[in-house]
Amino acid sequence: MKTKEMVLAALFAALVGVMGLVPAIPLGFIPVPITLQTLGVILAGCFLGKKTGAMSMILFIVLVAIGLPLLSGGRGGIAPLIGPAAGYIWSWPIAAFLIGYFTEKVWFEAKVWKIMIINFVFGALFVDAIGAVVMAMITHTSIVGGVTSGLIFIPGDTIKAIVAAIIAIQLKTVSPINSVRFNTAHR
Amino acid sequence: MEFSTDYVTKDSFIHRLDPRIKLLSVMFMLISYIQLNTWAGFVVAIVSIVMIGTLAKLPWLYLLKAIRPVIIILLFTFLYHFIFSGATYFSLEGLFIGLRYVVRILCMVVLAVMLTATTKPMILALGLETMLRPLEKLRIPVAQWSLMITIALRFLPLIMEEWKRIQVSQQARGIVPHSLTQKMMLSMKMIVPLLLSLVTRADHLTMAIEARAFGKGQNRTHFHTLSIKKREYLYFLFPISISFIILFVV
Amino acid sequence: MLKCEQVTYRYNETDGIFNISLNIEKGECVALIGLNGSGKSTLLHAMAGLINPQEGSIEWEGEAVRPPKVGIVFQHPDNQFITTSVLDEMVFGLENIGIPREEMLERALAALDQVGMRWALEKHPMQLSGGEKQRVALAAILAMEPDVLLLDEVTSMLDPVAREHFQQIILHLKQKGWTIMYTTHLVEEYLMADRFLMLDHGELVFDGDLEQLASSTQLPMPFTVELQRTFGLNVKASTWKECIDSLWTSN
Amino acid sequence: MLKCEQVTYRYNETDGIFNISLNIEKGECVALIGLNGSGKSTLLHAMAGLINPQEGSIEWEGEAVRPPKVGIVFQHPDNQFITTSVLDEMVFGLENIGIPREEMLERALAALDQVGMRWALEKHPMQLSGGEKQRVALAAILAMEPDVLLLDEVTSMLDPVAREHFQQIILHLKQKGWTIMYTTHLVEEYLMADRFLMLDHGELVFDGDLEQLASSTQLPMPFTVELQRTFGLNVKASTWKECIDSLWTSN
Ligand SMILES: Nc1ncnc2c1ncn2[C@@H]1O[C@H](COP(=O)(O)OP(=O)(O)OP(=O)(O)O)[C@@H](O)[C@H]1O
Ligand SMILES: Nc1ncnc2c1ncn2[C@@H]1O[C@H](COP(=O)(O)OP(=O)(O)OP(=O)(O)O)[C@@H](O)[C@H]1O
Ligand SMILES: O=C(O)CCCC[C@@H]1SC[C@@H]2NC(=O)N[C@@H]21
Ligand SMILES: [Mg+2]
Ligand SMILES: [Mg+2]
């Protein structure tokens, strides 16, 4: 692990934590709120790349686990990680990894629309699918019902996917993916 | 806004207990709670939680507050089972099944909350690091992860300062956002400068860490260390026996 | 010996350092001077092994430079704090180089005493004043006892008393045989150095001692005027030593 | 008139500024001096209206102080940058105070010229060298033409040439009647001020002119020694003016 990767992973873990301060929108009919934090998750993937992106989200979970109140509403500790939203939270590292993986693939010809599609598939569809299924399993309710109510997140998450793509392209010159891609291109 | 850790400042022996003992205890007990099914089991679980909470001098109001976020889900789960899980809709059997799910989740949540309420995050992190140190032999960079926790803690206030700094100056610019959409648009415009400046800071921090010879962590020594006192091993018998009782006796 | 061979580090076409070659002997104390943006900080970062020059090599006693052999104190004290208390900040480097636990506190306190900051042990580094930060930053590196000490304008925010302490620290380390290179914009601080390097637009344009510096006519900035004004005289080369001696004995 | 009345700002029991009362007349140029951690930056932040004292009040011409009437340049230039290019940074403040579009570029360029940074128009402020950052930070405030200018060690990383420019800028602004207050640790930079304030442990311990400062025997630090050493003489009060005059004319 390079020091720079460590620091950037820590930065984005903290960033997702700070996004948890923005009041989340609670939904009456399912126990998982709409939160800005997914924007940070998606950004971690498409700005940091697969390795650092995934690391940052694992670190985020570790930080929550040791009790920092980084989830919306100032929640932390082990409780939320085994609660109904567990599937959503645990899918974040995987989502960041997958977004990073495909973003790195298209990096040299990166366009907003390409990143947007990647973000949408893995940052919205993937996370929401896993999250809804796990939620239904933990609460022992029906999977079909869980997934149907989970659809409520899709519009918001789509907007976040688009916004993240725009930001990532604007920050392209300072992205650590540049050095990752540069190194592999010369290997 | 400030980050307040969930830590509740009190002087109890649970607070002083070595974090590793606490972490392992919680793990054991959580595993046993998953198997909770019989009435006797529930009684044992609840009694054990009440005992720990009392010993830790935790205000019960605090624990109530901590479970507030899960109340809706518990209600939902309860109703679902009450309606669908029995032989008929709204059966007595369904009611009990629902109750059991709710109490089981409650027990797990409260136990987890008590861990972080009685241990400062940095101490918990140190406990975690010390416990996981053997993993270094498997080439898992424990020291690095532990440093990452430290850096993330350093970034939390820094990000907010930076955000505030940019926000105040933007308001001084005379743009006073009125509607929610205006506010959101303005925030959007702040994200790129914020990230740019944070990434620059990350660069500087990287150099600072390397300048102080942080490496792979092989020969690293530790200033803060934990030591488990003899009688603390004895306390460990409590969660073990609780878990044992729940898993195999009742 | 610290050996730079044709070192080039480019930020872009015009900015950076270009084709720098120089040797610094063990025990030398060198001042690196030059205008704003001439490349001093960049050179120091390269010498500490924190950035990799695109061309050329930098070695200390035959090996590629890197911490903890080479210690660097940054220009912006804000940029070097990693932890959340001054004590943790002090021991961070010591932990990394494997100092035994018992020795750590000793070393940390000794270094803090040197800069007069022991009182701040429990404080958050970011809540110190500008000069206090700079002192803690210096102490954290001193405690690690590097072979080569690189100091980037570390006195810029120090008060007169602290700056004098600093000069004494440097003189003391010189006596102990440390190799030191520092940058400064203050002519008063030239007096500690045995040798001067000047950068201009990323190139090395001067390498010599104070006498040569003061009598040089090709310098890219009015250093000569500064020198003469500061010491209040229009000196000839032979009087420099006296001038310096008298200044050092006067306090 | 800038009027501080019994101003107290506490970080905690021991740190902060305590019970500070002072009046600064329009057009005065005041140097604020004191050791590291004596509270200079804290006082300037309070005077700029950036932090609210727990006790007391600060007014400029009868109104509570705040930007853009009062302009402050921070000790750490990094803390001042908000945008992603030097040009944006320059016009940022001008937009705030409603300068017409055509005038903005004009003012921005003039201010950048004053500090010699016009070439950096397109650069990212965070990617400048230490001294370059400090110059841009200064220019950004100069362009806003505040009534009161507060400068917190803004020359600490400037090279000798830039520092001299800076002194000329200040003298020029003095002539134009601006009210200026600056902090510095360099005795050479005392010469621009008409009046001196000294803080010690957050309290105001001196208020007077250079003569009084040089002859004061109760100062909490060897300022007197510094003063005398810098100017190379053991002056009596009456010779100060000559000394200053001769220094200003010598370059
Ligand atoms: N990260 C960066 N990206 C691009 N350009 C940079 C970066 N850092 C510095 N520069 C440019 O490189 C040149 C040399 O910078 P450097 O910081 O080495 O100067 P310096 O001699 O230390 O100046 P100062 O006396 O002001 O500290 C400057 O012109 C600066 O604008
Ligand atoms: N954010 C903060 N929280 C707590 N204490 C602080 C904070 N900022 C400064 N201090 C303390 O308050 C005192 C005054 O600080 P201040 O920055 O005003 O000093 P200063 O005179 O500007 O020093 P310098 O010459 O080093 O810049 C110092 O002892 C410092 O440690
Ligand atoms: O705070 C929690 O406990 C976890 C929140 C998980 C929120 C999920 S992530 C994907 C989906 N999109 C949202 O806006 N919220 C959910
Ligand atoms: Mg520099
Ligand atoms: Mg200050």
Side-chain angles (χ1 to χ4, degrees), chain C residues 11-12 14-15 33-42 74-79 116-117 119-120 123 127-135 152-153 155-164 183-188 220-223 225-233 243 246-247 250-251, chain D residues 11-12 14-15 33-42 74-79 115-117 119-120 123 127-135 152-153 155-164 183-188 220-223 225-233 246-247 250-251:
Chain C
Y11 295 108
N12 48 49
T14 52
D15 298 327
I33 59 179
L35 293 177
N36 288 143
S38 56
K40 303 181 295 299
S41 299
T42 310
F74 297 118
Q75 183 165 6
H76 297 282
D78 276 25
N79 293 340
M117 287 297 295
W119 60 271
K123 283 206 131 196
Q127 293 185 341
L128 297 171
S129 81
E132 289 165 351
K133 282 179 191 164
Q134 241 172 2
R135 298 184 200 196
D152 200 357
E153 296 185 31
T155 61
S156 61
M157 294 179 211
L158 298 189
D159 63 43
V161 182
R163 208 177 305 127
E164 220 166 290
T183 71
T184 182
H185 288 304
L186 297 181
V187 179
E188 295 84 341
M221 58 157 162
F223 271 109
V225 174
E226 264 290 311
L227 279 167
Q228 295 176 350
R229 195 176 73 190
T230 303
F231 301 120
L233 17 127
C243 167
S246 73
L247 272 163
S250 80
N251 38 280
Chain D
Y11 295 109
N12 48 49
T14 54
D15 299 326
I33 59 180
L35 293 176
N36 288 144
S38 56
K40 303 181 295 301
S41 300
T42 311
F74 296 128
Q75 183 165 6
H76 298 281
D78 280 26
N79 293 343
V115 297
M117 287 297 294
W119 60 271
K123 283 206 127 194
Q127 292 185 341
L128 297 171
S129 83
E132 289 166 351
K133 280 181 193 168
Q134 230 166 13
R135 297 183 197 201
D152 199 357
E153 296 186 32
T155 60
S156 60
M157 294 179 217
L158 296 189
D159 62 43
V161 182
R163 208 176 306 125
E164 221 166 289
T183 72
T184 182
H185 288 304
L186 296 181
V187 179
E188 294 85 340
M221 59 158 163
F223 271 111
V225 175
E226 265 288 312
L227 278 167
Q228 296 177 349
R229 196 176 72 190
T230 304
F231 301 121
L233 19 126
S246 72
L247 272 162
S250 80
N251 38 280

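Just so it is clear: chains get the letters A, B, ... in the order the sequence lines come, proteins before strands, and each one is counted from 1. Please read these numbers as outputs of a predicted model, since none were measured by experiment.
Heavy-atom distances place the side chain of D/Lys133, and not its backbone, under 4.5 Å from chain C. Heavy atoms of C/Asp152 lying under 4.5 Å from chain D are absent altogether.
Top candidate by heavy-atom pairs under 4.5 Å with chain C, chosen from D/His76, D/Glu153, D/Glu132, is D/His76. For chain D, the option among C/Gln75, C/Met157, C/Arg135 with the highest count of heavy-atom pairs below 4.5 Å is C/Met157. Counting heavy-atom pairs under 4.5 Å between each of D/Pro77, D/Ser156, D/Ala162 and chain C puts D/Ser156 at the top.
Closest non-hydrogen pair, D/Ser129 versus C/Gly37, comes out as OG-N, 3.3 Å.
Side-chain atoms of C/Asn36 do not come within 3.5 Å of backbone N or O of D/Leu158 as any donor-acceptor pair.
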Inset, instruction - List the steps, then state whether side chain to side chain contact (heavy atoms under 4.5 Å, CB included) holds for D/Leu186 with C/Arg163. - result: CA-CA 10 Å; D/Leu186 296 181; C/Arg163 208 177 305 127; 3.5 Å; yes

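Residues D/Lys123 and C/Asp15 are paired through a salt bridge, judged by an N-O separation under 4.0 Å between the basic side chain and the carboxylate.
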